[in-house]
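The chains referred to below are lettered A, B, ... by the order of the sequence lines, with proteins before strands, and numbering in each begins at 1. Just so you know, these numbers come straight off a predicted model, no measurement behind them.
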Amino acid sequence: MTKQQKQPPLILVDGSSYLFRAYHAMPALSASDGQPTGAIRGVISMMRRLIKDFPESPIGVIFDAKGPTFRNTIYSEYKAHRPPMPDELREQIEPIHAIIKAMGLPMFVIEGVEADDVIGTLARQATEAGIDTIISTGDKDMAQLVNQHITLVNTMKDDDAFMNVEGVKAKFGIPPELIIDFLALMGDKVDNIPGVPGVGEKTALALLQGLGSLESVYERLEEVPTLGFRGAKTMPKKLEEHKSQALLSKQLATIKTDVELKMGPADIKLVEPDKAALLDWFKKLEFKGWTEELLSAGETIDDVEQALDVTYETVLTQQQLDSWIKQLEQAELFAFDTETTSLDYMQAEIVGVSFAIEAGKAAYVPLAHNYVGAPEQLDRDKVLALLKPLLESADQKKIGQNLKYDQSVLARYDIELKGIAFDTMLESYVLDSTATRHDMDSLALKYLGHKTIHFEDIAGKGAKQITFDQVAIEQAAEYAAEDADITLRLHQALEPKLAEHPTLVKVFKEIELPLISVLSKMERNGALINPGLLQKQSVELAKRIDELEKAAFDLAGEEFNLGSAKQLGEILFNKLELPVIKKTPKGQPSTAEPVLQELALDYPLPKLILEYRSLSKLKSTYTDKLPEMINPETGRVHTSYHQAVTATGRLSSSDPNLQNIPIRTAEGRRIRQAFVASPGYKLIAADYSQIELRIMAHLSNDEGLLNAFSQGRDVHRATAAEVFGVPIDEVTDNQRRSAKAINFGLIYGMSAFGLAKQLGVSRKSAQEYIDLYFERYPGVLTYMDDIRHSAAEKGYVETLFGRRLYLPEIRSRNQMRKKAAERTAINAPMQGTAADIIKQAMISVDQWLTASQLDANMIMQVHDELILEVAEAQVDEVVAGLKLRMVAAADLSVPLIVDAGIGDNWDQAH
DNA sequence: GGGCGGTTATA
DNA sequence: GTATAACCGCCCG
């Protein structure tokens, strides 16, 4: 017997059902122009999933049309209680329709009926034509359509549960053909189908299971009381009374299967997607991942629509070079990029340089490609010597992407890069710090719709990655020239956007741009550490860690990996049966520090683990690692400061991170003692006192807070006096500690819950503290309210200097997200203003040190602290000048106070 | 080797 | 309750 080849099933998608579900399920995402995108993303990702899951199947998508349907004619109250569609959802419908069309999916939007009716009709017609149908919907009413040839699937649910005839019976307790009767009896609040009052799910089921169908229920009303459900005795009367309503409800609940359609199931076919149209939409809506997926490397949206005009030249002769130098000299502005052998600016060797003078016109000058068969190249030293005047000229304006890197690399070739006019990374960062990552690949995709050649494309990745000097010059030239070209184009795209916001232009020009060179210098200065001290500490730590491990094994009665939270949890909570205090997001019992702290009160093992953890952290992250990070040439460690990473405007530091060197414990401070001054020099550590609270005083203009600071009070003590109603010199240590937690809480946008946890008091008493605080400092309360409102209204918050942070989630309907955004709204202006202030101080200090030729260098920044290494003889002069400039970096309505310490090491300087 | 969860160091 | 970076273990391809 030959089995007939089965045709792939027809997929009918209930677009309208998914539209609403996606809208409510997705966070309130939006593109930077404000266009909401959550529902679009939700619906389209579902379509993509269907296409992937059913690659052979024709897929049709059906939406409700605007306006009334025949059901409104039958019953004017139908769906009358539906609130009007929210604007944010309405604005997403047109893009969804357009994208679905561009994806090549046939779409049905039929007036006068609902999507359900169109689906019912198409499914019936398909069945008649011998084709099986799968209806993708989240709407349970569709269960009435299920038969041997029609199944439902809910694509939005993770389990993707299919529902066939058996499935309907299992779920509802009745077969598909009784679903309409079920709905008719029960009614539907949402659609305003009346049903029979007093009949709910249970009663409707009992009736239908007992008597078969709505009609037979009415024929056999006298049997109803024998069914024995609750209220069965009075039910016949109710049913009789509302008979016409029940029949009307059945009519309303019945999905039509005979709608007149111009297209039938046979017209639903897979069509080739319209790539250009899709790209346009994805770009406009900022769907980065999907845009990237559509493009192949080196391709631009423009390429899909029309060929792009680029001329990239590989400069291999002196004549070519001369010509390019001449053109660069004449250019108002040019883009510039170096290609090197390493991301580490202290080790990188220049392999080539690239330039762009106008969009599409770029050159790559290979200088040190080194592989078998590499063509002869111009001499690196000679070329750099020829370029030096150009690169060192402040009048020759340059743009680049992360020019700090190029500046640091060039410095090692004795070229001091000047004339930095723009940096696309920082333009993008200042424009919107969180819209995207600010690497060139991301920026090209976001702002130009262009998928650049990625470094991995030409150099490979992982262990097999080659260095740039190994890359064939032909490929290298495409990549490098494109980098310069794209940098120029990005600038052309970003500068006008920035110009729309004068305060952002100021932040860019007066803070971020001048900071580039300051940071480059600090990084190259590096910090001197004494590896001997750290190595000695490592040995001691290893010994103590070993002892703790042995003791832990004894207590546990077996050996296990103390570094594994999983194995530790097994021992603590299963074997030793300690109480589970908190769970991790994944449901595993937490062994985090506060949990172990609490358990340590009653049990010995957690205490050991705590010490083990803290010592292991110190050893692995600091005492072992820092000596490894010493640059062999300079004998110092050179961090990287990232200028375009944080949401708020702070710097971050990595490789190594010098902004989280321990300070709280004695063992931790030993690590700071290994950060030393060179012989004949001292370290100066200068930090702003309470800068964020001072900024809050300034921004809120709260009288009490302003007074506390202008009178030079210990602010935590002053807060304690106010909140606990005691004279300031009678504040206990405990009261001060609580007040300090409250002050920090304020900066973090605190809730009573969070404060309670921090203080170890009840939520109620925490709330009382907060209420008391706001009573005493009403200006702060007003400020907090104002900032929440203004953030919600504008969609962003600002620092004192006008740096912006966009907070799209502040309008989220998800309360968790909304509250989180509100906390950020409160914190960001303070944290960000502090960052703006210290950045300006750094610029000013750098100018002063450079001009005065003092033997002093900035070597580190830790958010509110600057560390300088200074010749001993000049220490006093530098401390005075440093404090002066840090204090003068901002003019607030409270004084800025800077505390400075001097020492032979960082710990001593505190 | 890459990605992620859990944890912990700092302001 | 804010903002980061880096370690280890563990699971996956």
Practice problem: Determine the sole option in A:Asn743, A:Val894, A:Val780, A:Leu746 for which the side-chain contact (heavy atoms from CB on, under 4.5 Å) test with A:Leu705 is passed. | Solution: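 Looking at A:Asn743, A:Val894, A:Val780, A:Leu746, the match for A:Leu705 under the side-chain contact (heavy atoms from CB on, under 4.5 Å) is A:Val780.
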For a quick check of understanding: with a heavy-atom distance under 4.0 Å over all strands, which category does [X] fall into, base, sugar-phosphate or nothing?
{"X": "A:Gly462", "result": "sugar-phosphate"}
{"X": "A:Leu755", "result": "base"}
{"X": "A:Gln567", "result": "sugar-phosphate"}
{"X": "A:Thr824", "result": "sugar-phosphate"}
{"X": "A:Asn657", "result": "sugar-phosphate"}
{"X": "A:Ala821", "result": "nothing"}

Quiz item: Can we call the ring centroids of A:Phe724 and A:Tyr769 under 6.0 Å apart?
Solution: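 Yes, the ring centres sit under 6.0 Å apart.
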Quiz prompt | Centroid separation A:Tyr806 to A:Tyr796 less than 6.0 Å | solution =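 Ring-ring flag for A:Tyr806/A:Tyr796: true, centres closer than 6.0 Å.
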Quiz item: Does a donor on one side chain and an acceptor on the other come within less than 3.5 Å for A:Ser640 and A:Asp655?
Solution: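 On atom types as modelled, these side chains do not qualify, holding no pair under 3.5 Å.
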Quiz item: Distance only, no hydrogens: is a donor on one side chain within 3.5 Å (strictly under) of an acceptor on the other, for A:Arg613 and A:Thr591?
Solution: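 Looking only at side-chain atoms, A:Thr591 and A:Arg613 do form a donor-acceptor pair, the distance falling under 3.5 Å.
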Quiz prompt | By salt bridge (charged side-chain N to carboxylate O under 4.0 Å, His left out) - contacts of A:Arg650 (at least two apart) | solution =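 Applying salt bridge (charged side-chain N to carboxylate O under 4.0 Å, His left out) to A:Arg650 gives A:Glu692.
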Quiz item: Quick one: the side chain of A:Arg664 and the base of B:dA9, do they pair up donor-acceptor inside 3.5 Å?
Solution: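 No, no donor-acceptor pair under 3.5 Å.
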Quiz item: Of the residues in residues 858-865 of chain A, which ones touch DNA chain B at a heavy-atom distance under 4.0 Å?
Solution: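 Only A:Val862, A:His863, A:Asp864 qualify.
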Quiz item: Which residues in residues 621-630 of chain A have at least one heavy atom lying under 4.0 Å from any atom of DNA chain C?
Solution: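 Output list: A:Thr621, A:Lys625.
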Exercise. List for me each residue that meets ring-ring contact (aromatic ring centres under 6.0 Å, His included) alongside A:Phe753, sequence neighbours excluded, and say none if there are none.
Key: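 ring-ring contact (aromatic ring centres under 6.0 Å, His included) list for A:Phe753, sorted by chain: empty.
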Practice problem: Kindly state each residue pair satisfying salt bridge (charged side-chain N to carboxylate O under 4.0 Å, His left out) with at least one member in residues 563-589 of chain A, sequence neighbours excluded. | Solution: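 Matches after skipping sequence neighbours: A:Glu558-A:Lys575.
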Quiz item: 5' to 3' on DNA chain C, which nucleotides open and close the contacts with chain A (atom under 4.0 Å from a heavy atom)?
Solution: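 First and last nucleotides in contact are C:dG1 to C:dC11.
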Quiz prompt | Interatomic distance where CG belongs to A:Leu596 and P belongs to B:dG6 [whole Å] | solution =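 To the nearest whole Å, that distance equals 15 Å.
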